[in-house]
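Fair warning: this is a prediction, and the values are worked out from it, not measured in the lab.
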Amino acid sequence: PKQILKVESIYGQEAKHIISQNPYQLIEDIDGFGFKTADKIANHIGFDMEHPARIKAIVLSVLMEFCMSNGNSFIVYDRLLEIVKKKVNKLGLLADSFDFEEMIEELNFERSIVIENNQVYHHTQYDAERGIAQFVAEFPYTASESFDFDVEQEISMLEEKIGICY
């Protein structure tokens with residue numbers, strides 16, 4: 001019931017049309033909708049299980065699941081392809097019948113993902129990383145006082161005192 005209210009509040013009278021065209025749009029537009037829920041809806045309404053929108057949703061789902069479970073903000077391109085193919089096969093489709101690289105390029109063009117130096121980011125992760133980097137770069141640093149002692153020597157003495165070995 002809560003999800004239905006969210007859908008109605010965001011899509012209004014267009015809800016049925018939007019969902020029938022692409023139930024996976026729910027994932028991007030409405031908090032609380034993930035791949036599994038959108039896939040159940042898609043299956044229920046008879047949406048083509050080999051539709052590019054579903055495959056793209058799988059790519060995005062794999063990307064976010066990987067990042068959230070590993071604490072990373074990106075996945076290496078080849079690893080993404082590997083995991084996506086496994087998930088597609090697990091869902092009962094033949095991974096060899098899809099051009100994943102083309103779909104990933106489309107997602108990049110649509111800016112659902114960002115590819116930089118062979119690293120694939122979900123656009124939300126990428127934007128967060130850039131925002132943090134910009135904040136740090138603009139942070140007003142002040143010169144620190146110089147120390148009256150040898151920092152390296154003090155660290156070595158402390159390591160020896162409490163038994164830290166590298």
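Taking the side chain as every heavy atom from C-beta outward, F98 and E50 approach each other to under 4.5 Å. Annotation: side chain of V120 is not in contact with side chain of R79 (no heavy-atom distance under 4.5 Å). Y24 has its side chain out of reach of K56: every pair of non-hydrogen atoms, C-beta onward, lies at least 4.5 Å apart.
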(request) I would like to know whether E105 and N108 meet side chain to side chain contact (heavy atoms under 4.5 Å, CB included); could you show each step before the answer? (result) CA-CA 5 Å; E105 283 305 315; N108 189 42; 4.1 Å; yes
(request) Any chance you could lay out the side chain to side chain contact (heavy atoms under 4.5 Å, CB included) test for R130 and Q134, step after step, and finish with the verdict? (result) CA-CA 6 Å; R130 298 285 297 195; Q134 183 176 353; over 6 Å; no
(request) Might you work through the salt bridge (charged side-chain N to carboxylate O under 4.0 Å, His left out) test for E65 and K87, ending with a clear yes or no? (result) CA-CA 12 Å; E65 285 173 15; K87 184 163 186 171; 3.4 Å; yes
(request) Walk me through it: do Q153 and M157 pass the test side chain to side chain contact (heavy atoms under 4.5 Å, CB included)? (result) CA-CA 6 Å; Q153 183 181 0; M157 287 176 13; 4.2 Å; yes
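Using a 4.0 Å cut-off between charged side-chain N and carboxylate O, D39 and R54 make a salt bridge.
Both L63 and L91 belong to a single network of hydrophobic side chains, linked directly or stepwise wherever heavy atoms of I, L, V, M, F, W or Y lie under 4.5 Å apart. Linking ILVMFWY residues whenever their side-chain heavy atoms come closer than 4.5 Å, directly or via other members, places F66 and I113 in the same cluster. Under the 4.5 Å side-chain heavy-atom criterion for ILVMFWY residues, a single connected hydrophobic cluster contains both L93 and L81.
The closest side-chain donor-acceptor pair between Q25 and Y11, if any, does not fall under 3.5 angstrom.
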